[in-house]
Every structure is written in structure tokens, then in C-alpha cells.
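Reviewing the structure listed below.
Every number for a ligand or one of its atoms is a count from 1 in the order of the listing. All residue numbers refer to positions in the sequence shown, counting from 1. Below, each value reflects all heavy atoms present in this structure, side chains not excepted, and no hydrogens, waters or symmetry copies.
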Amino acid sequence: MAESKADIALIGLAVMGQNLILNMDSHGFVVCAFNRTVSKVNEFLANEAKGTKIIGAKSLEDMVAKLKKPRKVMLLVKAGFAVDEFVKKLVPLLEKGDIIIDGGNSQYTDTQRWCKELEPTGIYYIGMGVSGGEDGARYGPSLMPGGHPAAWPHVKPIFQAICAKVNNEPCCDWVGEDGAGHFVKMVHNGIEYGDMQLICEAYHIMKDVLGMQQEDMAQVFDEWNKGELDSFLIEITRDILNFKDADGKYLLPKIRDAAGQKGTGKWTGISALEYGVPVTLIGEAVFARCLSALKEERVKACKVLPGCTYNFTGDEKEFLEHLRKALYASKVISYAQGFMLLREAAKVNKWNLNYGSIALMWRGGCIIRSVFLGNIKVK
Ligand code: NBP
């Protein structure tokens, strides 16, 4: 008979799953790893997980047998069909009080559906937003769990141990009922779209209106990162501007100016329309990406509309300070719009959202991490 020694199982050995498992292992938890393509379990154990306490499973049955009760099974697989397939296979193997956690970028409505469907079985379901990419997963992500509240005390010690910390406070707290965690993650990603668009517009004004050189723009972002705009995205903008290719020239001008999207920004826009909340800044950011993708049309149009031909003659320092303030004010508006959407969705879905905690969860680990989010909690 298999030993029941693992604290949690994690299914999905792609970039996020592997790093989160290694993170849990570093914090003393015994993790049982599983993957649809089972050969990846052995590869992981023989390579990245070599020398750790991580154990593997050769089937879902084997995995379930290796878990301490109440069993905790986390999914980090492609959202949608893959999550549904695994949940359907897991339910007959689990019992009342066991917990399934979906840590992928699932639509919050899918999470609501699973919470409801699992209600009669007594199996708890958590939909948890995970942000911070590969590095965050390994060294401290921002975690946004929501679902059946009775499950939270069982998973809290694990998630609050592995998440990012800011001033010793964990960037993980209970968000709310059913799909609330995934909804909050979706809005986080929408805000990320907005922040990136604002930075692009500031860059555009510096480059095409002020006619600034790239190293000088990097210097401005470096300065901005020391004040109220202090954030991960401003910091990496400075680094991206400074980054040189193998030929010694800046890489940025060589990158095709067409952005793709994975979907969470669009979902935020759709939710804003559905709930009737004017989340205009994120909406514009999503449309700006759509517009950027129309590369051929833009190239043709710029032959007719040459763009900025204005020669700036004013005080550059003063102008840049106005630009910094405009970026900050726009950011405040965008976050306020994001929180308005959360408030309306909470009202409709009867979620008890803790807005202060959400701001704290976003202070570290995630992509929109920034100093000013600490002020939202205080006031
Ligand atoms: P992917 O989103 O690329 O998913 C890969 C995993 O899904 C593998 O384990 C794969 O199994 C499994 N899978 C697929 Br694909 N189709 C399946 C199916 N039909 N049935 C069962 N399993 C299936 O991995 P990721 O980039 O690590 O992301 C995991 C989740 O975390 C996603 O929801 C993603 O949106 C979210 N997320 C990602 C990031 C990031 O920076 N990458 C950040 C935050 C959140 P296989 O090995 O057998 O093909």
C-alpha cells in the first residue's frame, strides 16, 4: 500500500506547476507531482526535483493514495477543457472534506460552476489566481484564493508560506466565495494591461513629442521608479530601454510594435460591459492592443497621416514632471475603475470581498506590484 505522506498534490508540470512545486518543497511541504503526460513526472523527478522531498505519482489513483487527509489537489493546467477533464476524473477518487484547487487562469464563471456542482459531494473547490509568472511561482507569487470558505483554513498555512511577503505580510488572503478569486485575478490582469498602455503612451510622448534619446528615457523611468510610481512595470521599462542586442545596439526599436493577448484583459472588458461599470482605461488598453496588431493597415495609414511633426521648444524638465503626474493620476483612475468593477460584481454575486486585503495581495509577487497599493489599504 502506498504511503500517505504528501501534504498536497500538484497536477501540471509545465513552467508554473514545476516552479510552484519547488517553492512548496523549499518551504518544507511534501508535494506529490502528477501530469497528463506521465513521463514528465519521472523527467521532473530526475532533473529539476532531484535531491528534494518531492514525490511523483504514476496515476491519479496513485496520487490520491499518497495524500494526507483532507486531501489537497492543486491543478496548474491549461484553463478550460483540461481543468474540466481533471476535475471530472478526480471527483470519484476524492471524499467529503477533500479540496480541489484550480490555480490556472480560469474564467470565474467556470469556477462558480464547479463550486456549485461539487456542493452535494462535500468536496471543496477553490479557484485561485496566481500571479508573478515563472519567477513568482518559484520564489513568491501573489495568490488570490476564492471558493468554498470552509476549505481556507486547510490550505492557508501552505499558501501563506509560499507567497510573496511585503513587510512580513503575506500577499495571499482569502478573497471571497465561489469565483471571487479568479475574478480578482482577471481584474488584476486587466489593470496590468492598463498600466502597460499608460507606460507605452508616456514613452511615445517622450520619444515623438520631446524627441528624447533612449538612454535619457531610461534615466527618466529610473527616476520615476524612486517615487510614487515605484513599481515592477516601471522598473522593467527602464531595463527594457537599457537593454542592448548582441550587436551593441538597443533591442527595443527592432521589436515589431504589435501586441498579442491571452484573454484576461478582454474578459475584464467584457465583464465591465456585463456589469455596466465604466472601466474605460482597461477597455482602451485592450483596444490599443487590437489596433497595434493591425500592422499592415497602420503602415499604409502612416503614409497619409505622418503623426507628430511638432517641435517641442518648452521646458523639458517641467513637461516631464507633468507627464509623471499624468501617468500617476491615470493609474489611480484605472485602479479605482478596477475596484468599482469588483464592487459591482461582489454585489451581484453576493461575495464578501475584502478590498483592503486585495490591494495588499497586489503589493508584492504579482505583475502590478507597486508601492502605492499600500496607501489603498491604509485609507
Ligand atoms: P500551460 O497553460 O501551458 O498548460 C500546460 C499543462 O496543461 C501541462 O501540464 C499539460 O499537460 C496540461 N494540459 C494541456 Br496543455 N491540455 C490538457 C488536456 N486536454 N488535459 C489535461 N491536461 C492538459 O502551463 P503554464 O504556462 O504552466 O500555466 C498553467 C496555468 O497557469 C494556466 O492556466 C495559465 O494560464 C496560468 N498562468 C500562467 C502564467 C505564466 O506565466 N505561464 C502566469 C499565471 C498564470 P501535458 O504536459 O500532458 O501536455
Open item on the list: Under a plain distance cut-off of 3.5 Å, with no hydrogens placed, do H182 and S106 share a side-chain donor-acceptor pair?
Closed with: no
- [ ] Say whether K262, considering both its backbone and side-chain N or O atoms, lies within less than 3.5 Å of an N or O atom on ligand 1.
- [x] no
Open item on the list: For the NZ atom on K254, are there more than 12 heavy atoms of other groups (residues, nucleotides or ligands in this structure) within a distance under 6.0 Å?
Closed with: yes
Task: Of the listed options K185, K40, K78, R36, closest to atom 17 (C) of ligand 1 (non-hydrogen atoms) - done: R36
Open item on the list: Given 3.5 Å as the limit, does a donor-acceptor pair link the side chain of E177 with the main chain of P149, or not?
Closed with: no
Task: Ligand-side contact atoms (ligand 1) for residue partner L13, heavy atom cut-off under 4.0 Å - done: 9 (O)
- [ ] Identify, for atom 48 (O) of ligand 1, the protein heavy atom at the shortest distance, and state residue, atom and that distance.
- [x] T37 OG1, 2.4 Å
Open item on the list: For atom 41 (O) of ligand 1, what's the nearest protein heavy-atom neighbour? Residue, atom name and distance, please.
Closed with: G133 CA, 3.5 Å
TODO: Pick, from P141, S142, A14, the option with the minimum heavy-atom distance to atom 5 (C) of ligand 1.
DONE: A14
Open item on the list: Could you identify the single nearest non-hydrogen protein atom to atom 44 (C) of ligand 1 and state the distance to 0.1 Å?
Closed with: V130 O, 3.3 Å
Task: K68, K72, R71, K69 screened by salt bridge (charged side-chain N to carboxylate O under 4.0 Å, His left out) with D98, the one that passes - done: R71
Open item on the list: I need the nearest protein heavy-atom contact for atom 38 (C) of ligand 1: residue, atom name and distance, please.
Closed with: M16 CG, 3.4 Å
Task: Proximal candidate to atom 9 (O) of ligand 1 [heavy atom criterion; set N35, V15, V77] - done: N35
Open item on the list: Could you check whether any side-chain heavy atom of E228 comes within less than 4.5 Å of a side-chain heavy atom of F372, counting everything from C-beta outward?
Closed with: no
Task: atom 34 (C) of ligand 1: nearest protein contact (heavy atom, Å) - done: N105 N, 4.1 Å
Task: Short side-chain to backbone donor-acceptor contact, N349 and W351, under 3.5 Å - done: no
Open item on the list: Any carboxylate oxygen within less than 4.0 angstrom of a Lys/Arg side-chain nitrogen, looking at D84 and R113?
Closed with: yes
Task: For F81, atoms of ligand 1 separated by under 4.0 Å from a heavy atom - done: 19 (N)
Open item on the list: Please confirm whether A79 approaches ligand 1 to less than 4.0 Å, judged on its heavy atoms.
Closed with: yes
- [ ] Provide the number and element of each atom of ligand 1 under 4.0 Å from a heavy atom of L76.
- [x] 29 (C), 30 (C), 31 (O)
Open item on the list: Taking side chain to side chain donor-acceptor pair (under 3.5 Å) as the definition, give me every residue that meets it alongside H322, ordered by chain and number, with sequence neighbours left out.
Closed with: none
TODO: May I have the step-by-step check of salt bridge (charged side-chain N to carboxylate O under 4.0 Å, His left out) for R36 and E85, ending in yes or no?
DONE: CA-CA 10 Å; R36 173 183 64 164; E85 284 303 291; over 6 Å; no
Task: ligand 1 atoms in contact with G12 (distance to a heavy atom under 4.0 Å) - done: 9 (O)
